[in-house]
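Structure first, commentary second.
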Amino acid sequence: MSKVYSDAKDALDGILFDNMTIMAGGFGLCGIPENLIIALRDSGVSGISAISNNAGVDDFGLGLLLQTRQIKKMVSSYVGENKEFERQYLAEELELEFNPQGTLAERIRAGGAGIPGFYTKTGVGTLVAEGKEHKDFDGETYIMETGLTADVSIVKAWKGDKEGNLIFRKTARNFNPMMATAGKVTVAEVEELVETGELDPDQIHTMGIFVQRIIISKGLEKRIEQLTTRQREGA
Amino acid sequence: MSKVYSDAKDALDGILFDNMTIMAGGFGLCGIPENLIIALRDSGVSGISAISNNAGVDDFGLGLLLQTRQIKKMVSSYVGENKEFERQYLAEELELEFNPQGTLAERIRAGGAGIPGFYTKTGVGTLVAEGKEHKDFDGETYIMETGLTADVSIVKAWKGDKEGNLIFRKTARNFNPMMATAGKVTVAEVEELVETGELDPDQIHTMGIFVQRIIISKGLEKRIEQLTTRQREGA
Amino acid sequence: MAWTREDMARRAAKELVNGYYVNLGIGIPTLVANFIPDGVDVTLQSENGMLGMGPFPYEGEADPDLINAGKQTITELNRTSYFSSSDSFGMIRGGHIDLSILGAMQVSEEGDLANWMIPGKMVKGMGGAMDLVAGVKKVVVIMDHNARDGSAKFIKKCTLPLTGVRVVDMIISDVGVFLINDDGATLIELAPGISIDDARSRTEAEFNVTKNL
Amino acid sequence: MAWTREDMARRAAKELVNGYYVNLGIGIPTLVANFIPDGVDVTLQSENGMLGMGPFPYEGEADPDLINAGKQTITELNRTSYFSSSDSFGMIRGGHIDLSILGAMQVSEEGDLANWMIPGKMVKGMGGAMDLVAGVKKVVVIMDHNARDGSAKFIKKCTLPLTGVRVVDMIISDVGVFLINDDGATLIELAPGISIDDARSRTEAEFNVTKNL
């Protein structure tokens, strides 16, 4: 009963269906499951509700699934980098639910941790609070937000072992660990797959219990969205 | 403005007051801030409300503060190992609030993360649910639990650096990371204090932002509550 | 010839499925680890913050930083990972643990469980039991079928304070095995030397009996 | 002789206190990092999961796994730690960040902030702005005092959809510095060449003026 699959297509086999909810890790193009997104596009599954902090760019990341109109709805905090997204949204071909970034992160964590609702100050008095339950604690007003889960979560890690234990690298961690906990099935792609026992047990970010399928990333592009550099002094 | 203090007494100076709330990390006697508990006892501060999963044993851990009657109230999930506790409780000298262990852990996490309330299935239909708000989500009933914070949190880590970044070891992690986030002031004792930069930034369990004061543990006893071993085969 | 504690633990071990993540309570449930069937690989969770619990350490090798939820010294395995209590109970509450095996003072015919408190006695606390029964996918109780005074523990309605409502899926006692679901309780196996009538006389709860028993 | 963007950033940098944990928004707030006073050591948080943000990398050394919340490539420092988005916003929502400096489209005299949405235009999203203004202890806005069409941005009541209610503690604009608290808004500093009358004529909000200005 190995969790290790041969490639992204193989790893998504049998778990996709039209009108499903999918969580996809990453912040901008940093730490996105590149192989799994492409396999998702190639599967042709349609009507996806996608929960992801951003929507990729036109020709990369979740933008690939917007090009093919496979996404029906996005739940995101920021989608500014995607022209095709803008076109589909303005043409009302795409539903969009904006969540404050921290609320989105916490909703996903809550979903994975069996918490159906929680209260937050974020968004009180704004459009985000409309229609939500308000409650006072110690004289301050908070709104209730609900937990989120997905039929499938796709995440990207740096290293993984055959039990599905994962370690992320630098800011490529972002939404990936919570999403791994909130998928009914979680599929991970990793840059390096090691034997069980090679990862330090004190240093595992995502425990294998949350990961049902794992593959090695192939041909990762790791595209940089905004290359910013400085010149060496005296250079 | 160094966070490093010379010893436990020094590290608690100026932040203690009667009738304060203190969180103390550890599970049983595993991962408890031994030095800070002793310094807390020696400070003579009284009327403490202590939030800690357990209450130590008669002559070790929080048991030391029970001996001296410095604790007014305990919020815990299990206190079975402490005779003095039992005596004071039955004599109504001590208040006790039992929380399910997972609810306690989540209340502390919530307190540190600015979440004043959340819903959980745990305890529905039991004594724990009495007087609490009930709410249905998707046809299931949940109860609301509130976030917890403390005037001071005392935690124990394995390694720390001078910025207050902490790494825990094995099951000595337990309640320590959440408590570090939920203290208005958090004081950490560590087995080894290293220079900033020596800890791997991907592997820090508690970020320095949560730790205001740090000391090196001296003379740690690390008492084992239940030594269980097996014999080598053929030995 | 009713089942012994070991027999009950051995029977409970048959509920383990390859790949399962399992939490074992203190007492008889701990013994289940000794009877894991060949070819079945399960990962044991300890709610104080560990997945992949190994056996007790060899003498002289106990590590005070490595204990289980019963505060016993244990060891780690290749697959082991450690995490905080909030992550641990996120795992439990979020329904990621497949099976929890624990003890009971009383179980009702609807699956209510009482296992943490006897009014009038000093209460030690519920520890993680309420979280486990609320969150884990399948809850199996191992218990002596009757109390020391002979009174029934599998009853119509619990009289002791509850740990959870409608949470128990299976009881394994010295008498046999009972399934509990929305249709009520069903006796599905008998210990050797125990008759259906024995089971009825020692039980207050209503239960059906599976065919061919 | 009103303040330039650099002047505003330099003035904002005076709000940095030794030991502070600070989150800088995109745009002019990012420039504040260039003006941190000598002897003041602050740690910059990036809400995508990093404490201890370093400067841009040297050419050829950018790491795609290391970006800030503006998606720019950056570097790490000795003190750096990485964490998940939920831990990052736990830090923000839980009040652990001392200071957030960010841009604004409108600020009301009670400190309401609008900086994420113009009805009728394509909305990019609020990102982490709502969380930051709700959770961070002190919120400083840096903005041009008037919109391109000359209209006031510091007004009685925001007309654009809000990011947060009563969240702004200070405005630094090309005109000067305004404090906002329960007593209302107070002009506490003027940019060179700007008179109190200039400030009033360019502002719709009511504000007091501090003594000796």
Side-chain angles (χ1 to χ4, degrees), chain B residues 1-4 23 105-118 146-150 153 157 159-168 173 177-186 188 193-214, chain D residues 16-23 37-54 63 65-68 74-100 128 130-137 139 164 167:
Chain B
M1 234 192 42
S2 169
K3 293 182 176 184
V4 181
M23 288 184 186
E106 189 66 15
R107 290 183 72 190
I108 298 165
R109 181 198 175 271
I115 292 172
F118 62 90
T146 54
L148 287 174
T149 55
S153 285
K159 290 186 181 178
D161 70 18
K162 292 177 174 177
E163 290 284 323
N165 293 305
L166 305 179
I167 291 178
F168 303 94
R173 192 180 323 181
M178 297 89 74
M179 287 182 173
T181 70
K184 290 192 193 89
V185 180
T186 291
L193 183 68
V194 303
E195 291 299 322
T196 300
E198 289 187 37
L199 303 179
D200 179 343
D202 277 324
Q203 304 296 11
I204 288 163
H205 296 133
T206 290
M207 283 60 77
I209 191 171
F210 297 118
V211 177
Q212 283 70 48
R213 300 179 179 201
I214 190 166
Chain D
L16 302 175
V17 173
N18 200 27
Y20 262 21
Y21 293 90
V22 178
N23 185 294
D38 282 347
V40 172
D41 183 27
V42 299
T43 301
L44 300 179
Q45 200 244 21
S46 189
E47 65 263 31
N48 54 320
M50 180 182 196
L51 261 180
M53 196 167 36
D63 180 341
D65 288 340
L66 182 40
I67 64 172
N68 65 17
I74 47 165
T75 56
E76 68 185 29
L77 304 171
N78 251 353
R79 73 181 64 170
T80 296
S81 55
Y82 299 103
F83 35 86
S84 71
S85 297
S86 67
D87 284 345
S88 180
F89 284 94
M91 207 176 268
I92 290 167
R93 201 189 306 103
H96 302 281
I97 306 285
D98 297 292
L99 177 65
S100 173
M130 286 191 182
D131 310 281
L132 283 161
V133 300
V136 172
K137 287 178 198 157
V139 173
V167 293

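Chain identifiers are assigned alphabetically (A, B, ...) following the order of the sequence lines, protein sequences preceding nucleic acid strands; residue numbering begins at 1 within each chain. What you see is a predicted model; the values in this text were computed from it and never measured.
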As an exercise, state the distance from [atom1] of [X] to [atom2] of [Y], rounded to the nearest 0.5 Å.
X	Y	atom1	atom2	value
D/Thr80	B/Asp200	OG1	CG	11.0 Å
D/Asp87	B/Arg109	CG	CZ	7.0 Å
B/Glu163	D/Asp41	CD	CG	7.0 Å

Could you look at B/Lys3 and say if it's the side chain, the backbone, both or neither that has a heavy atom under 4.5 Å from chain D?
->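 Only the side chain of B/Lys3 comes within 4.5 Å of chain D.
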Side chain, backbone, both or neither of B/Asp161 within contact of chain D (heavy atoms, under 4.5 Å) |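 No part of it gets close to chain D.
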Which of the residues D/Phe89, D/Phe83, D/Tyr21 is involved in the greatest number of heavy-atom pairs with chain B at under 4.5 angstrom?
->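 Ranked by heavy-atom pairs under 4.5 Å with chain B, first place is D/Tyr21.
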Can you see which heavy atom on D/Ser81 is nearest to which on B/Met207, and at what distance?
->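 That closest heavy-atom pairing would be OG-CG, 3.2 Å.
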What are the two closest non-hydrogen atoms of B/Thr196 and D/Arg79, and how far apart are they?
->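 What the structure gives for the nearest pair is CG2-CA, 3.5 Å.
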Whether D/His96 side chain and B/Thr181 backbone form a donor-acceptor pair below 3.5 Å =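 Indeed, once roles are kept as given, a pair shorter than 3.5 Å links the two residues.
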Look at B/Gly114, B/Gly197, B/Gly208, B/Ala113 and state which one has the largest set of heavy-atom pairs under 4.5 Å with chain D.
->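 It is B/Ala113.
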